[in-house]
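Below, each value reflects all heavy atoms present in this structure, side chains not excepted, and no hydrogens, waters or symmetry copies. Residue numbers start at 1 and run along the sequence shown.
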Amino acid sequence: QEREAQAREAARLKAEAEEKARLEEEQRKAEALAQQEREAQAKEAARLKAEAEEKARLEEEQRKAEALAQQEREAQAREAARLKAEAEEKARLEEEQRKAEALAQQEREAQAKEAARLKAEAEEKARLEEEQRKAEALAQQEREAQAKEAARLKAEAEEKARLEEEQRKAEALAREAQKLANLDAETANSIKELSESQTDVIDKLTEKVAVKQKDLDALKEENDLSEKGIYVAPRPFKSVSKENAEIASLKDDLDKVIKEQKVKIEELETTYASRKRKVRDKNDVLNIAYAEAIEELKAKQIRTIKAKADLEASLETIKIATEEERKRRIKRAAYDNQQDRFNKDKAALERIVKFTEPSPTVLTEEDFDFGQKQSNNIKIVKNISHAENGYYMVIAVHSSEAKRDEFLKKVVSTGRKDVNFFFDVVTNKYYIYYQKFDGIRQAQSLLQTKGSEPYNKEMSIVKIEN
């Protein structure tokens with residue numbers, strides 16, 4: 001049984017080996033057939049491709065031939081059209097020349113008429129201008145005569161007013177002298193001296209106020225004319241501190257007069273009260289003189305105090321107004337200085353762009369002085385004259401004109417001629433740029449793709465907000 005089993009196992013293994021060999025042979029034959037099939041398909045594909053390429057070549061040659069024939073036909077048509085156009089143009093030019101000659105003749109005739117008309121108009125204009133000149137000369141003579149007459153009348157009026165004022169003062173002094181005549185000499189002299197001192201100080205202080213007002217008026221006129229573009233020569237220097245010290249001294253003198261008036265009034269009231277107790281006669285001449293002197297001194301003291309207050313108020317008003325006019329002048333001067341700077345800077349930039357030659361060598365980042373280091377954040381500047389709001393691609397910041405110009409020349413020498421700059425009066429620095437955007441996104445996009453140009457190394461965004 002064991003031998004039979006071994007025999008059966010051997011027969012099974014042999015059958016399996018034979019089957020495996022048969023299958024492998026069939027697979028080899030199938031692969032060979034597949035390879036032959038692939039080779040046949042490749043040959044067929046190559047044949048078809050060659051046929052297609054030949055067909056395409058023939059079609060392309062035919063298309064080119066047809067295109068050449070079409071071009072030839074079009075060229076012939078264009079040539080025919082050109083010859084026709086030339087003939088028509090020649091006929092048109094000949095017709096235009098004929099018409100032009102006729103028009104030229106008409107034009108010459110019209111010009112002759114126009115010349116005659118212009119000559120007549122010029123002669124008429126000259127005649128009218130001569131008449132106008134004579135009329136203006138007469139009018140000027142009339143104005144000068146009127147001005148002289150007005151000046152004469154004004155001088156007469158001022159002289160009349162001066163005489164009337166002198167007469168009024170003389171009459172007032174006479175009345176005062178009459179009142180003081182009844183007092184004793186010492187009292188009369190002290191009151192007289194006090195009155196003269198009061199008048200003298202008030203007159204001097206009034207003159208100082210008038211001078212201050214005159215200076216204010218002149219300063220205002222200078223500012224007004226300057227704003228209209230009319231140049232006014234600067235006024236000579238005046239020591240304001242000295243003038244103010246003199247005014248302060250006069251105010252002290254006026255305070256002293258007021259104090260002396262008060263003391264004198266108290267003295268007279270004491271004397272008057274003592275005398276009234278001794279002499280009860282209401283018609284007593286000396287008592288009446290004391291009473292009148294006291295009332296007159298009190299009235300003068302009130303006038304002095306009011307005059308002092310009025311003059312101080314005038315001085316304060318003039319001081320405020322003068323300060324405003326000085327601010328106007330400073331503001332105007334600052335504007336003029338900025339305008340002058342802008343004009344100068346603009347001229348310098350134009351010269352650099354116009355006369356800077358291309359660099360003979362390739363410049364690198366090390367060749368450029370970028371000035372002040374810029375932050376990666378967007379810098380905001382305000383109140384920039386002659387510059388619009390927006391985002392500026394700043395490539396350098398300098399505080400000196402020399403370094404600014406040196407940087408500009410190097411940028412221009414690389415071929416970039418649209419470089420520009422603006423000036424910030426707050427930091428006293430020049431911001432050099434060559435591009436501006438209205439929106440932040442455009443500016444940031446350029447900053448990210450600024451390229452490899454050597455002058456772009458320190459590029460940053462500066463926003464102007466005026």
Side-chain angles (χ1 to χ4, degrees), residues 1-82 358-368 370 373-378 391-395 411 414-416 418 433-461 463:
Q1 293 177 353
E2 184 177 347
R3 285 194 296 271
E4 290 175 355
Q6 290 176 348
R8 284 193 297 272
E9 178 65 18
R12 186 185 66 76
L13 292 172
K14 180 181 178 183
E16 286 182 354
E18 291 174 348
E19 178 65 16
K20 181 179 179 183
R22 186 184 66 77
L23 292 172
E24 288 176 348
E25 178 63 18
E26 289 181 355
Q27 183 177 359
R28 186 186 61 75
K29 290 179 179 179
E31 288 177 351
L33 287 172
Q35 179 63 28
Q36 291 174 0
E37 180 69 22
R38 285 193 296 273
E39 290 174 354
Q41 288 175 350
K43 288 179 181 179
E44 180 64 15
R47 184 184 67 78
L48 293 173
K49 180 181 179 184
E51 287 181 355
E53 289 175 347
E54 178 64 14
K55 181 181 178 181
R57 185 184 66 77
L58 293 173
E59 289 176 349
E60 177 64 17
E61 287 182 355
Q62 183 178 0
R63 186 188 62 76
K64 289 181 179 178
E66 290 176 351
L68 287 172
Q70 179 64 26
Q71 290 175 0
E72 182 66 23
R73 288 191 296 272
E74 291 175 353
Q76 290 174 352
R78 285 197 297 271
E79 180 63 15
R82 184 184 66 79
S359 175
T361 60
V362 178
L363 299 180
T364 65
E365 293 176 354
E366 287 70 25
D367 294 314
F368 289 86
F370 298 94
K373 181 74 175 176
Q374 295 300 293
S375 169
N376 293 328
N377 299 323
I378 296 176
Y391 298 87
Y392 290 74
M393 311 311 294
V394 172
I395 55 178
V411 173
T414 66
R416 178 169 286 282
D418 58 349
Y433 70 94
Y434 62 82
Q435 203 155 2
K436 165 195 170 285
F437 297 102
D438 295 328
I440 181 63
R441 290 184 180 178
Q442 294 170 300
Q444 289 175 332
S445 176
L446 178 62
L447 187 62
Q448 293 171 359
T449 59
K450 59 185 178 181
S452 59
E453 296 294 346
Y455 48 75
N456 282 344
K457 179 186 176 184
E458 299 294 335
M459 180 183 281
S460 63
I461 301 174
K463 183 182 181 185

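Residues passing the side chain to side chain donor-acceptor pair (under 3.5 Å) test with Glu18: none are found, sequence neighbours excluded. Under the side chain to side chain donor-acceptor pair (under 3.5 Å) criterion, Asp418 pairs with Arg416, not counting sequence neighbours. Shown here are the ring pair (Phe, Tyr, Trp, His ring centres under 6.0 Å) partners of Tyr392, two or more places apart in sequence or in another chain: Phe422, Tyr433. Contacts of Arg82 classified as salt bridge (Lys or Arg N to Asp or Glu O under 4.0 Å), with partners at least two apart in sequence or in another chain: Glu79, Glu86. Remark: Glu60 pairs with Arg63 by the salt bridge (Lys or Arg N to Asp or Glu O under 4.0 Å) rule, at least two apart or across chains. Shown here are the side chain to side chain contact (heavy atoms under 4.5 Å, CB included) partners of Ser452, two or more places apart in sequence or in another chain: there are none. Contacts of Glu39 classified as salt bridge (Lys or Arg N to Asp or Glu O under 4.0 Å), with partners at least two apart in sequence or in another chain: none. Applying the side chain to side chain contact (heavy atoms under 4.5 Å, CB included) rule to Lys463 yields the partners Ile378, Ile380, Tyr391, Glu465; only residues at least two apart in sequence or on another chain are considered. With sequence neighbours left out, Arg38 forms a side chain to side chain contact (heavy atoms under 4.5 Å, CB included) with Ala34, Gln35. Under the side chain to side chain contact (heavy atoms under 4.5 Å, CB included) criterion, Glu366 pairs with Thr364, not counting sequence neighbours. For Glu61, the salt bridge (Lys or Arg N to Asp or Glu O under 4.0 Å) criterion is met by Arg57, not counting sequence neighbours.
Contact detail for Ser460 and Ser375: the closest heavy-atom pair is CB-O, 4.0 Å. In plain terms, the two heavy atoms of Lys457 and Lys450 that are nearest each other are O-NZ, 3.1 Å.
In this structure, CD on Glu59 lies 10.5 Å from CD on Glu54, to the nearest 0.5 angstrom. Note that CE of Met393 and CE of Met459 are 5.0 Å apart. Values are rounded to the nearest 0.5 Å. In this structure, Thr414 OG1 and Glu453 CD are separated by 6.5 Å, a value rounded to the nearest 0.5 Å. Here Arg78 contributes atom CZ and Gln76 contributes atom CD; the two are 10.5 Å apart, rounded to the nearest 0.5 Å.
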Residues 434-447 side chain polar contacts: donor-acceptor under 3.5 Å, at least two apart:
| residue | atom | partner | partner atom | Å |
| --- | --- | --- | --- | --- |
| Tyr434 | OH | Asn456 | OD1 | 3.0 |
| Tyr434 | OH | Asn456 | ND2 | 3.2 |
| Lys436 | NZ | Asp438 | OD1 | 2.9 |

Applying side-chain contact (heavy atoms from CB on, under 4.5 Å) to Ile395 and Phe370, what does each step give before you reach the verdict?
CA-CA 7 Å; Ile395 55 178; Phe370 298 94; 5.6 Å; no

